[in-house]
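Structure, as structure tokens:
Side-chain atoms are counted along with the backbone in the values below, which use heavy atoms only and exclude waters and symmetry mates.
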Amino acid sequence: NTDTAMPGDVVTLKGFRFPRITTVNSIKVDEVDVLPDIPIITGSEGDFQVELKLPILDPGYAILEVLVGKDKASVVVEVVW
């Protein structure tokens with residue numbers, strides 16, 4: 001199931017099962033850094049939630065990738081115009 005968004009949209013990213021009480025190292029959409037300036041730290045269950053602005057990308061499919069400590073996860077998003 002692919003989520004759909006337009007460039008400039010603000011989307012909510014929820015992460016689960018990451019290392020507990022750990023800083024989110026990076027959030028990228030097709031290698032474009034979208035990590036907010038404010039540090040994001042996972043909770044006691046390894047979860048987090050953050051609002052992100054989708055960068056300007058060509059229409060099509062993009063990989064949203066999160067790195068927390070040494071753990072990495074990704075999801076495909078569809079960029080539409």
*Does any non-hydrogen side-chain atom of Ile63 lie less than 4.5 Å from one of Asp30?*
yes

*With a 4.5 Å limit on heavy-atom distance, are the side chains of Leu13 and Ile27 in contact?*
yes

*Do the side chains of Val32 and Val11 join up, straight or via other hydrophobic residues, at under 4.5 Å, putting them in one cluster?*
yes

_Give me the atom names and distance for the closest heavy-atom approach of Met6 to Trp81._
CE-C, 3.7 Å

*When rounded to the nearest 0.5 angstrom, what is the spacing between CD1 in Ile40 and OG1 in Thr22?*
13.0 Å

_Student check: side-chain heavy atoms of Thr42 and Asp47 closer than 4.5 Å_ = no

*Considering all heavy atoms of both residues, which atom of Arg20 and which atom of Gly46 are nearest to each other, and what is their separation?*
CG-N, 3.8 Å

*Would Val68 and Val75 show up in the same hydrophobic cluster when neighbours are defined by side-chain heavy atoms closer than 4.5 Å?*
yes

*asked:* For the CD1 atom of Ile41 and the CD1 atom of Ile21, what is their distance to the nearest 0.5 Å?
replied: 8.0 Å

*Taking side chain as C-beta onward, heavy atoms only, is Leu64 less than 4.5 Å from Ser74?*
no

_With heavy-atom distances below 4.5 Å as the criterion, would you say the side chains of Val80 and Pro59 are in contact?_
no

*Approximate separation, where rounding is to 0.5 Å, of Glu31 CD and Glu65 CD*: 6.5 Å

_Please give me the minimum heavy-atom distance between Val34 and Lys53, naming the atom from each residue._
CG1-O, 4.0 Å

*asked:* Do Pro36 and Leu52 make a side-chain contact, defined as non-hydrogen atoms from C-beta onward lying under 4.5 Å apart?
replied: yes

*Are Phe18 and Val24 close enough that some pair of their side-chain heavy atoms sits under 4.5 Å apart?*
no

*Between Leu57 and Val29, is any pair of side-chain heavy atoms under 4.5 Å apart?*
yes

*Can you tell me if CG on Asp58 sees more than 12 non-hydrogen neighbours from other groups inside 6.0 Å?*
no

*Nearest 0.5 Å please: distance from the CG atom of Leu67 over to the NZ atom of Lys72.*
6.5 Å

*Where do Ser26 and Leu35 come nearest, in terms of heavy atoms and distance?*
CA-CD2, 4.2 Å

